[in-house]
Trainee: 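Quick one: this structure, given as structure tokens, is what I'll be asking you about.
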Amino acid sequence: MIDSSLLQKKVKMEKEHPLPELPGAEKGKVVMRFAPGPSGPLHIGHTRVAILNDEYVKRYDGTFVNRIEDTNPEKIDPEAYDTIPEDLDWLGVKVHQTVIQSSRMELYYDVARKLIDIGKAYVCTCPVEKWRKLKERGEACPHRELPKETQHEEFDRMLSGYYPEESAVLVVKTDLKHPNPAIRDFVGLRIVDSVPHPRTGTRYRVYPMMNFSVAIDDHFLGMTHVLRGKDHLNNTQRQEYIFRYFGWKIPWYHHYGLVSVPESILKTSIVAQGIKSGEYSGWDDVRLGTVRALKRRGITPEAIRDYWIDCGIKDVDIQFSWETLYAFNKQRVDPLANRYFFVWDPVLVSIEGIETLESHAPLHPNHPERGMRRLRLQGRPIKIYLNGTDLESIGSRGKLRLKDLCNIEVEGNLATYAGNDLSVVREGIKIVHWVPEYGIKTVVEMPDGSKKEGISEPIPPSEIGNVIQFERFAFVKIEAVNPIIKAVFTHN
RNA sequence: GCUCCCGUAGUGUAGUCCGGUCAAUCAUGCGGGCCUCUCGAGCCCGCGACUCGGGUUCAAAUCCCGGCGGGAGCACCA
């Protein structure tokens with residue numbers, strides 16, 4: 001006979017690598033990247049591409065490049081150069097190489113000149129609207145076919161400051177007759193001199209556009225596989241033109257479906273504004289979808305990874321499911337979370353008929369070796385807090401089992417000790433949690449930003465930073481235990 | 001308007017390339033049960049899907065055509 005529990009385990013082991021293999025991936029030779037714009041800390045949307053790339057790099061023993069795409073001086077939060085690596089680190093993403101695009105400007109200029117040399121780029125000084133209109137019709141602007149000597153001169157003028165912002169761009173030629181208008185000639189470099197760059201100041205005034213710098217960096221950094229969202233489908237086609245012009249080896253591209261994250265504010269600019277106005281307490285405000293907020297709420301990086309691996313890399317668009325993420329998180333956190341009592345609707349109840357009680361409640365029901373929470377109750381009468389809703393549930397009078405303590409007969413706010421016979425639970429007696437009179441005031445911050453106040457049993461300082469479970473309430477992450485207990489709601 | 005991508009249960013996912021073993025997998029969710037102590041975990045049972053129509057074929061979730069539906073792009077953002 002085969003042990004069925006072993007069989008169960010085996011199935012789980014087999015499911016460990018649900019991500020498909022990457023074509024042409026050779027152990028030790030895979031190079032992949034994560035390429036965020038430094039506009040702020042990472043949010044849940046970023047974590048998918050970061051983790052998936054990391055997962056593959058780890059599988060193939062490859063190289064993970066974190067490439068900071070800071071070629072738009074207008075959209076840079078200088079702190080993001082630090083916060084992004086911090087977030088990646090917390091996520092468990094192993095970065096082997098970090099590249100900052102603003103340090104590679106000469107390379108982009110160099111490639112731009114080579115592109116001009118081979119007749120694949122031109123400087124356009126048409127008004128933006130006119131150039132777009134021509135493109136729509138599949139027609140060339142007057143600058144497109146000018147000789148390369150002229151193009152070089154014009155490009156020099158762009159660099160020298162002769163042209164003001166928006167009056168000249170270097171355009172990469174593709175195919176003006178391409179049936180897809182999104183693929184026709186695209187801007188490779190533009191002028192930005194109204195805003196100094198946080199890292200390079202006013203040293204440069206011509207900046208590459210994403211499609212330009214991405215193609216160049218993907219090549220020179222040796223990307224073998226590029227995994228990214230479907231929104232880049234057209235960008236990939238544009239970038240491939242550059243690869244083909246130079247005869248570069250094109251990486252294997254894969255575009256997974258878009259993720260829509262419900263009930264969550266992700267857009268960095270909106271969040272930044274909200275923080276500034278005081279609407280949000282910071283990047284880790286529990287209402288936000290940032291990595292920082294998830295961390296604060298007690299969501300583990302392992303659960304985030306489990307979730308994205310489970311979603312896979314299909315090109316179908318998906319709905320992000322908080323519910324499923326919480327389920328994965330619960331699997332990670334439940335074995336670790338010690339149990340404590342928290343009464344969120346406290347009503348003081350007196351227990352007659354006994355003067356001393358001591359409870360021995362396990363820190364974790366599945367791990368008795370961790371020890372007990374011992375609570376001594378004394379008094380005449382003994383006083384405890386119960387949840388008002390629990391009292392109401394038995395009507396005007398009835399029996400309750402105080403978990404890990406004793407049974408009581410209740411009438412109003414008065415209770416009588418009724419022994420400690422555990423067999424009553426078989427009769428369907430309601431088991432409730434309770435907190436001694438000397439419990440600690442507790443505030444739980446809920447995901448919507450509201451606060452739930454109540455009283456908890458004392459929690460040791462060693463639990464600060466841990467996710468614990470308030471029994472019959474939820475999992476929460478402890479932020480402080482003194483003078484009051486502060487916790488953040490994780491999930492049920 | 002043009003171009004591209006996609007369509008398996010509430011949400012994800014396996015299967016689709018190389019038709020049959022798929023009256024369709026797993027997870028999550030929901031409902032019920034077990035459990036001497038949680039509205040947690042675990043265990044058991046149940047609910048729930050191949051977008052539609054046509055074609056090819058002995059046989060289609062899988063191949064072909066069309067409709068419908070969803071998404072993306074057509075930026076001097078990334």
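As the structure is a prediction and not an experimental result, all values here were calculated from the model. In what follows, chains are A, B, ... by sequence order, proteins preceding strands, each numbered from 1.
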Trainee: Using a cut-off of 4.0 Å on non-hydrogen atoms, how would the nucleic acid contact of A:S260 be classed: base, sugar-phosphate, or nothing?
Mentor: nothing

Trainee: Contact class for A:V187 vs. all strands (heavy atom < 4.0 Å): base, sugar-phosphate, or nothing?
Mentor: sugar-phosphate

Trainee: Would you mind telling me which of B:C76, B:G70, B:G12 lies closest to the side-chain atoms of A:D310?
Mentor: B:G12

Trainee: Between C1' on B:G73 and CG on A:N234, what's the gap in Å once rounded to a whole number?
Mentor: 4 Å

Trainee: Holding to salt bridge (charged side-chain N to carboxylate O under 4.0 Å, His left out), I want the full list of residues that pass it with A:K173, two or more places apart in sequence or in another chain.
Mentor: A:E145

Trainee: Holding to salt bridge (charged side-chain N to carboxylate O under 4.0 Å, His left out), I want the full list of residues that pass it with A:E154, two or more places apart in sequence or in another chain.
Mentor: A:R157

Trainee: Quick one: do A:L189 and A:M209 satisfy side-chain contact (heavy atoms from CB on, under 4.5 Å)? Show the steps, please.
Mentor: CA-CA 5 Å; A:L189 295 103; A:M209 303 297 290; 5.9 Å; no

Trainee: CG of A:N329 versus P of B:G40: gap in Å, rounded?
Mentor: 16 Å

Trainee: Hey, are A:D175 and A:R184 close enough for a salt bridge, meaning a charged N less than 4.0 Å from a carboxylate O?
Mentor: no

Trainee: Applying a 4.0 Å non-hydrogen cut-off, can you work out what A:N211 is touching in the nucleic acid: base, sugar-phosphate, or nothing?
Mentor: nothing

Trainee: Centres of the A:F320 and A:Y307 rings: under 6.0 Å?
Mentor: yes

Trainee: What is the separation between atom NZ on A:K330 and atom P on B:A27, rounded to the nearest whole Å?
Mentor: 15 Å

Trainee: Salt-bridged, A:R144 to A:D185, with N to O below 4.0 Å?
Mentor: yes

Trainee: Does A:D310 pair with A:R305 as a salt bridge, N-O distance under 4.0 Å?
Mentor: no

Trainee: For a quick check of understanding: with a heavy-atom distance under 4.0 Å over all strands, which category does A:Q319 fall into, base, sugar-phosphate or nothing?
Mentor: sugar-phosphate

Trainee: Between A:K430 and A:D390, is there a salt bridge with N-O shorter than 4.0 Å?
Mentor: yes

Trainee: Starting at the 5' end of RNA chain B and moving along, which residue's nearest nucleotide shows up first, A:A182 or A:A168?
Mentor: A:A182

Trainee: Centre-to-centre under 6.0 Å for A:Y256 and A:W308, is that the case here?
Mentor: no

Trainee: Expressed in angstrom and rounded to an integer, what is the separation of A:K230 atom NZ from B:C6 atom P?
Mentor: 7 Å

Trainee: Does a side-chain N or O of A:Q331 approach OP1 or OP2 of B:U28 to a distance below 4.0 Å, or not?
Mentor: yes

Trainee: Under a 4.0 Å threshold between the charged nitrogen and the carboxylate oxygen, would A:R339 count as salt-bridged to A:E471?
Mentor: no

Trainee: Categorize A:D315 for me: base, sugar-phosphate, or nothing, with a 4.0 angstrom heavy-atom threshold over every strand shown.
Mentor: sugar-phosphate

Trainee: Does any nucleotide pair with B:C68 by Watson-Crick or G-U wobble geometry, both distances under 3.5 Å, and what is it?
Mentor: B:G7

Trainee: What is the nucleic acid contact for A:H178, judged by heavy atoms within less than 4.0 Å: base, sugar-phosphate only, or nothing?
Mentor: nothing

Trainee: Below 3.5 Å is the cut-off: list the nitrogen or oxygen pairs between protein and nucleotides 63-68 of chain B, distance only.
Mentor:
none

Trainee: For residues A:H143 and A:Y122, establish whether the separation of their ring centroids is below 6.0 Å.
Mentor: no

Trainee: Protein within reach of the bases, or only the backbone? For nucleotides 33-38 of chain B, mark each nucleotide 5' to 3' as B, S or -, using heavy atoms under 4.0 Å.
Mentor: --SBBB

Trainee: May I ask you to decide whether A:E69 forms a salt bridge with A:R67, counting only side-chain N to carboxylate O separations under 4.0 Å?
Mentor: yes

Trainee: Using the six-membered ring wherever Trp is involved, compare the ring planes of A:F473 and A:W344 and label them parallel, tilted or perpendicular (cut-offs 30° and 60°).
Mentor: tilted

Trainee: Dump the pairs, protein N or O against N or O of nucleotides 8-10 of chain B, anything under 3.5 Å, distances to one decimal.
Mentor:
| from | atom 1 | to | atom 2 | distance (Å) |
| --- | --- | --- | --- | --- |
| B:G10 | N2 | A:E323 | OE1 | 3.2 |

Trainee: Looking at B:C74, I'd like to know if its phosphate oxygens (OP1 or OP2) sit under 4.0 Å from a side-chain N or O belonging to A:R132.
Mentor: no

Trainee: Hey, are A:R205 and A:E165 close enough for a salt bridge, meaning a charged N less than 4.0 Å from a carboxylate O?
Mentor: no

Trainee: Give me the residues of residues 33-54 of chain A where at least one heavy atom lies under 4.0 Å from an atom of RNA chain B, by number, or none.
Mentor: A:G37

